[in-house]
Amino acid sequence: MRRAAVVLGGAVLALAAVAASSAEEAAEAGDEPGTRPMPDFLGRGLWQVFTRLDRRTRLDVHDVSGRDRRVLWPPRWQVCTQYPAAGTELDRRTTVMIGVVRKGETCPPRVRDARR
């Protein structure tokens with residue numbers, strides 16, 4: 001019973017620390033509430049998309065290799081396309097669309113040409 005209380009207390013403290021750091025980052029950004037710039041994810045790992053976007057951002061991730069695979073483990077995928085473009089202001093109504101391939105694969109030529 002005592003171990004469960006310690007584990008639960010540790011989890012609560014960890015969540016509070018994450019919430020506090022998120023609030024500090026938002027305050028430091030100085031952006032008006034509800035808007036923030038879209039980062040540049042092209043060529044980076046999919047995991048960075050999940051860690052850098054706000055948790056409330058609508059996100060659509062799909063395989064652009066043409067194989068229509070499911071993206072189940074984000075650290076194994078890399079970003080080929082993103083919409084909206086980097087620097088565009090995001091708000092609550094914006095849906096971010098990310099096209100990915102598995103790490104080690106190259107982005108298909110039709111995708112590389114379309115993103116420029």
Side-chain angles (χ1 to χ4, degrees):
M1 184 67 162
R2 186 171 219 185
R3 178 183 286 170
V6 169
V7 170
L8 180 61
V12 169
L13 288 174
L15 288 174
V18 168
S21 67
S22 296
E24 289 172 6
E25 288 174 9
E28 288 174 4
D31 296 336
E32 62 185 66
T35 63
R36 61 209 173 279
M38 173 73 170
D40 184 14
F41 294 118
L42 295 178
R44 297 178 186 237
L46 179 58
W47 188 247
Q48 289 185 10
V49 174
F50 287 104
T51 57
R52 292 195 53 205
L53 288 178
D54 187 85
R55 64 180 172 81
R56 294 170 290 192
T57 303
R58 295 179 195 160
L59 187 60
D60 178 21
V61 178
H62 57 280
D63 179 16
V64 294
S65 69
R67 298 180 189 162
D68 198 30
R69 299 174 288 192
R70 289 187 147 184
V71 179
L72 298 176
W73 190 248
R76 293 190 180 173
W77 295 82
Q78 70 181 12
V79 177
C80 285
T81 63
Q82 74 177 45
Y83 176 83
T88 305
E89 292 296 321
L90 299 177
D91 59 18
R92 291 182 178 225
R93 295 170 289 162
T94 307
T95 298
V96 174
M97 292 184 279
I98 303 290
V100 296
V101 294
R102 281 191 176 257
K103 284 189 176 178
E105 296 177 358
T106 58
C107 295
R110 63 180 170 76
V111 173
R112 280 194 310 255
D113 295 339
R115 75 179 188 194
R116 292 183 185 161

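What you see below is based on every heavy atom in this structure, not just the backbone, and it leaves out hydrogens, waters and symmetry mates. If you read the sequence from its start, that first residue is 1, and numbering goes on from there.
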So Pro108 and Val101, do their side chains get closer than 4.5 Å, heavy atoms only? yes

message = Counting only heavy atoms from other residues, nucleotides and ligands, does the tally under 6.0 Å from CG of Asp68 exceed 12?
response = no

Closest non-hydrogen contact found for Trp73 with Trp77 is O-CD1, 3.1 Å

Closest non-hydrogen atoms of Gly87 and Pro37, given as atom of the first, atom of the second and distance, are O-CB, 4.3 Å

To the nearest 0.5 Å, tell me how far [X] [atom1] sits from [Y] [atom2].
{"X": "Met38", "Y": "Leu53", "atom1": "CE", "atom2": "CG", "value": "5.5 Å"}
{"X": "Leu59", "Y": "Thr94", "atom1": "CG", "atom2": "OG1", "value": "12.5 Å"}
{"X": "Thr88", "Y": "Gln82", "atom1": "OG1", "atom2": "CD", "value": "8.5 Å"}
{"X": "Gln78", "Y": "Ile98", "atom1": "CD", "atom2": "CD1", "value": "12.5 Å"}

Got a list of side-chain donor-acceptor pairs under 3.5 Å for residues 40-48, not counting sequence neighbours?
unit_1: Asp40; atom_1: OD1; unit_2: Leu42; atom_2: N; d: 3.3
unit_1: Arg44; atom_1: NE; unit_2: Asp40; atom_2: O; d: 3.3

So salt bridge (charged side-chain N to carboxylate O under 4.0 Å, His left out) across residues 93-102, not counting sequence neighbours, yields Asp91-Arg93

Taken in chain and number order and not counting sequence neighbours, the residues that satisfy salt bridge (charged side-chain N to carboxylate O under 4.0 Å, His left out) with Arg70 are none

Those residues at least two apart in sequence (or on a different chain) that pass side chain to side chain donor-acceptor pair (under 3.5 Å) with Arg56 are Asp54

Hits for side chain to side chain contact (heavy atoms under 4.5 Å, CB included) against Arg67, two or more places apart or cross-chain, chain-then-number order -> Asp63, Ser65, Arg69, Glu105

Note: with side-chain heavy atoms under 4.5 Å as the link, the other cluster members for Tyr83 come out as Met97

